[in-house]
Amino acid sequence: QSAGRTTLWDALIAFFIVRIKNDLVAPEGVSPSWYRTRERVFTTIARVAAALGTFSLILITDDLLNDFGAAPIFIAIISLLWILGLARNVN
């Protein structure tokens, strides 16, 4: 493994354990470190929840096809979690 090479495992770790964004400007009266940490924790939780939700969606695909009632709601919630988890990377 060379120093400049990123493995799949490293990429997965970096995706879920996000770095603190130092370019975030905290509102007046709020500690900048608290504001950045809160954003980091929210992003991490959204990404983990989206990944677990997607995994569970894959596991229950047969049940969703037979009972279509809750499927759109479940898919919408998982999609929203992915959007929230990935929106951090939008410039």
Side-chain angles (χ1 to χ4, degrees):
Q1 197 182 79
S2 64
R5 188 173 162 202
T6 302
T7 64
L8 177 62
W9 182 251
D10 293 335
L12 281 172
I13 296 288
F15 178 75
F16 288 108
I17 308 298
V18 296
R19 293 187 176 136
I20 292 176
K21 286 186 73 150
N22 291 320
D23 60 342
L24 289 177
V25 179
E28 191 172 325
V30 177
S31 169
S33 62
W34 168 249
Y35 187 73
R36 292 178 184 127
T37 301
R38 188 179 64 178
E39 185 272 338
R40 178 185 185 205
V41 169
F42 176 80
T43 302
T44 301
I45 290 171
R47 289 180 180 184
V48 169
L52 291 175
T54 302
F55 181 68
S56 65
L57 184 65
I58 291 168
L59 291 179
I60 63 169
T61 301
D62 290 339
D63 294 335
L64 287 178
L65 293 176
N66 294 334
D67 183 26
F68 191 69
I73 296 168
F74 191 57
I75 292 169
I77 291 170
I78 293 172
S79 300
L80 179 64
L81 286 169
W82 276 115
I83 290 168
L84 290 173
L86 296 174
R88 179 183 215 253
N89 296 339
V90 176
N91 289 329

Next on the checklist: Are the side chains of Arg40 and Ile17 in contact, using a 4.5 Å heavy-atom criterion?
Outcome noted: yes

Checklist entry - Hey, are the side chains of Leu86 and Phe15 touching, using non-hydrogen atoms and a 4.5 Å cut-off? => result yes

Hey, could you give me the [atom1]/[atom2] distance between [X] and [Y], rounded to the nearest 0.5 Å?
{"X": "Leu24", "Y": "Arg36", "atom1": "CG", "atom2": "CZ", "value": "6.5 Å"}
{"X": "Ile45", "Y": "Leu84", "atom1": "CD1", "atom2": "CG", "value": "12.0 Å"}
{"X": "Ile75", "Y": "Thr54", "atom1": "CD1", "atom2": "OG1", "value": "10.0 Å"}

Next on the checklist: So, applying side-chain contact (heavy atoms from CB on, under 4.5 Å) with Glu39, which one of Thr43, Thr37, Val41 is it?
Outcome noted: Thr43

Checklist entry - Just by modelled atom types, is the Gly85 backbone N or O under 3.5 Å from a matching donor or acceptor in the Arg47 side chain? => result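 Flag set: sc Arg47 to bb Gly85 pair under 3.5 Å.
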
Next on the checklist: Please determine whether residues Phe42 and Val48 belong to a single hydrophobic cluster, defined as Ile, Leu, Val, Met, Phe, Trp and Tyr linked transitively by side-chain heavy-atom distances below 4.5 Å.
Outcome noted: no

Checklist entry - Any chance CZ of Phe55 has more than 12 other-residue heavy atoms, nucleotides or ligands included, within less than 6.0 Å? => result no

Item to check | Leu81: side chain to side chain contact (heavy atoms under 4.5 Å, CB included) partners, not counting sequence neighbours | outcome: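 Listed in chain order: Ala49, Ala50, Ile77.
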
Next on the checklist: Looking at every heavy atom in both Pro27 and Tyr35, which two are closest together, and how far apart are they?
Outcome noted: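 Answer, listing the atom of Pro27 first, then Tyr35: CD-CE1, 3.5 Å.
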
